[in-house]
Q: 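Below is a structure I'd like to ask you about.
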Amino acid sequence: MANRLSDHSDADLYRMLRGDSSTREAAFGELYTRHGSRIYLYCRKIMGDQAAADDAYQQTFLRFLQSAERDRLMTNLPAYLLRIARNVCLNAKKRMGYISVPLEEFQLSVEDVSLEAKELATMINAALDLLPEDYREAFVLQAYNGLSYREIAEVIDLPITTVRNRIVRAKQKIREILSPYLADYRE
């Protein structure tokens, strides 16, 4: 059955979630395999904390599974999962309270300075933590999830121009934050 499930579309698998328990479990497993890493990456980048991201990730898939109990036509399952993840992350951040680190107090922790790529990735992640929530979310959806402006606009329910502006501003802020560190690479 697992081989046959990989041939089904997301919409078919979503409909199968309303079937008997073995069909439901197999369909959920296939959807989880297809989309789990993308959703986890989103939660990790938005939450910034691994434990909080793990919780948001699990909550996302629980809510997704519960949503299948309702009769719903599924046309874009990846966007639907991202929307659930977005809502879960935003609600979790509200409950946690947003912690802001002033730029003057920002210190980069680098585990292994001999690996430039790892160091750069660490700096980018640190820069992401300093972005305003709306900029970070749009940037993560584009850079890490590969969504187009139109797809991002659907997920966060905003006009495409707003999405484009947020991404442009996020990239500008990241450049500003990283410019002192990147200057060291050029020297």
Side-chain angles (χ1 to χ4, degrees), residues 35-57 59-61 63-64 75-113 115-187:
H35 304 289
S37 61
R38 174 187 251 187
I39 299 302
Y40 181 74
L41 180 64
Y42 174 82
C43 292
R44 184 72 175 99
K45 296 297 180 187
I46 295 299
M47 297 304 293
D49 173 64
Q50 185 170 350
D54 290 346
D55 290 345
Y57 178 66
Q59 187 66 29
T60 297
F61 276 96
R63 287 191 184 173
F64 168 71
T75 57
N76 189 347
L77 192 118
Y80 181 64
L81 277 169
L82 280 170
R83 182 173 287 242
I84 294 171
R86 176 180 190 260
N87 291 337
V88 167
C89 289
L90 291 177
N91 288 336
K93 284 209 162 255
K94 281 180 192 173
R95 283 191 306 274
M96 291 172 23
Y98 182 58
I99 300 170
S100 171
V101 177
L103 191 55
E104 298 80 31
E105 296 178 17
F106 171 69
Q107 292 184 6
L108 182 64
S109 64
V110 178
E111 296 169 1
D112 187 1
V113 292
L115 300 172
E116 288 182 5
K118 189 173 181 180
E119 184 177 354
L120 183 59
T122 302
M123 289 189 307
I124 290 171
N125 284 333
L128 279 175
D129 289 341
L130 295 173
L131 289 178
E133 289 291 320
D134 50 352
Y135 291 5
R136 179 185 336 165
E137 179 179 34
F139 180 80
V140 166
L141 287 170
Q142 183 194 44
Y144 292 97
N145 292 95
L147 299 183
S148 68
Y149 289 156
R150 183 182 51 75
E151 291 170 323
I152 296 168
E154 287 177 21
V155 169
I156 62 177
D157 198 27
L158 288 172
I160 291 175
T161 54
T162 303
V163 168
R164 183 186 57 76
N165 289 340
R166 286 181 178 182
I167 291 170
V168 167
R169 289 178 183 146
K171 289 177 181 178
Q172 287 171 339
K173 283 213 169 273
I174 289 172
R175 276 189 216 103
E176 289 172 17
I177 293 167
L178 295 180
S179 64
Y181 302 103
L182 295 177
D184 292 341
Y185 278 108
R186 292 185 198 118
E187 294 175 354

Q: Answer whether the closest heavy-atom distance between the side chains of R95 and L90 falls below 4.5 Å.
A: no
Q: Strictly by salt bridge (charged side-chain N to carboxylate O under 4.0 Å, His left out), give each pair with a member in residues 42-54 just once, sequence neighbours left out.
A: none
Q: Under a 3.5 Å distance rule, please check whether N145 uses its side chain to pair with a backbone N or O of Y42 as donor and acceptor.
A: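 Between the backbone of Y42 and the side chain of N145 there is no qualifying donor-acceptor contact (under 3.5 Å).
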Q: Measure the CD-CG distance between Q50 and D55 for me, rounded to the nearest 0.5 Å.
A: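 It is 11.0 Å, given to the nearest 0.5 Å.
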Q: Without swapping roles, check the side chain of R136 against the backbone of L128 for a donor-acceptor pair under 3.5 Å.
A: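 Flag set: sc R136 to bb L128 pair under 3.5 Å.
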Q: Quick one: CD on E176 to NZ on K173, what's the gap to the nearest 0.5 Å?
A: 5.5 Å
Q: Please examine the side chains of I156 and R166, heavy atoms only from C-beta on, and report whether any two atoms are closer than 4.5 Å.
A: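 Yes. Closest side-chain heavy atoms under 4.5 Å.
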Q: At their closest point, which heavy atom of P159 faces which heavy atom of A153, and how far apart are they?
A: C-CB, 4.3 Å
Q: Going from CG on L131 to CD1 on I177, what distance comes out if it is rounded to the nearest 0.5 angstrom?
A: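 Rounded to the nearest 0.5 Å, the CG-CD1 separation comes out at 5.0 Å.
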Q: So do R86 and L82 actually touch side chain to side chain, heavy atoms under 4.5 Å?
A: no
Q: When the ring centroid of Y57 is compared with that of F61, is the distance short of 6.0 Å?
A: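 For Y57 and F61, the ring centres are under 6.0 Å apart.
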Q: Could you tell me the separation between the CG atom of N91 and the CD atom of Q59, rounded to the nearest 0.5 Å?
A: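 Rounded to the nearest 0.5 Å, the CG-CD separation comes to 9.5 Å.
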Q: What pairs of residues pass the salt bridge (charged side-chain N to carboxylate O under 4.0 Å, His left out) test when at least one of them lies in residues 142-160, not counting sequence neighbours?
A: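 Sorted pair list: R150-E154.
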Q: Is there side-chain contact between F64 and L77, with at least one heavy-atom pair below 4.5 Å?
A: yes
Q: Is there side-chain contact between I152 and I167, with heavy atoms separated by less than 4.5 Å?
A: yes
Q: What heavy-atom pair brings C89 and I46 nearest, and what distance separates the two atoms?
A: CB-CG2, 3.8 Å
Q: For a 4.5 angstrom cut-off between non-hydrogen side-chain atoms, does V155 reach E137?
A: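 Not in contact.
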Q: Say you draw a straight line from CG of L41 to CG of L141; how long is it, rounded to the nearest 0.5 Å?
A: 10.0 Å
Q: When you measure from the side chain of T60 to the backbone of A56, do you find a donor-acceptor pair of N or O atoms at a distance under 3.5 Å?
A: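 Flag set: sc T60 to bb A56 pair under 3.5 Å.
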Q: May I ask you to test the I174-F139 pair for a side-chain heavy-atom distance under 4.5 Å?
A: yes
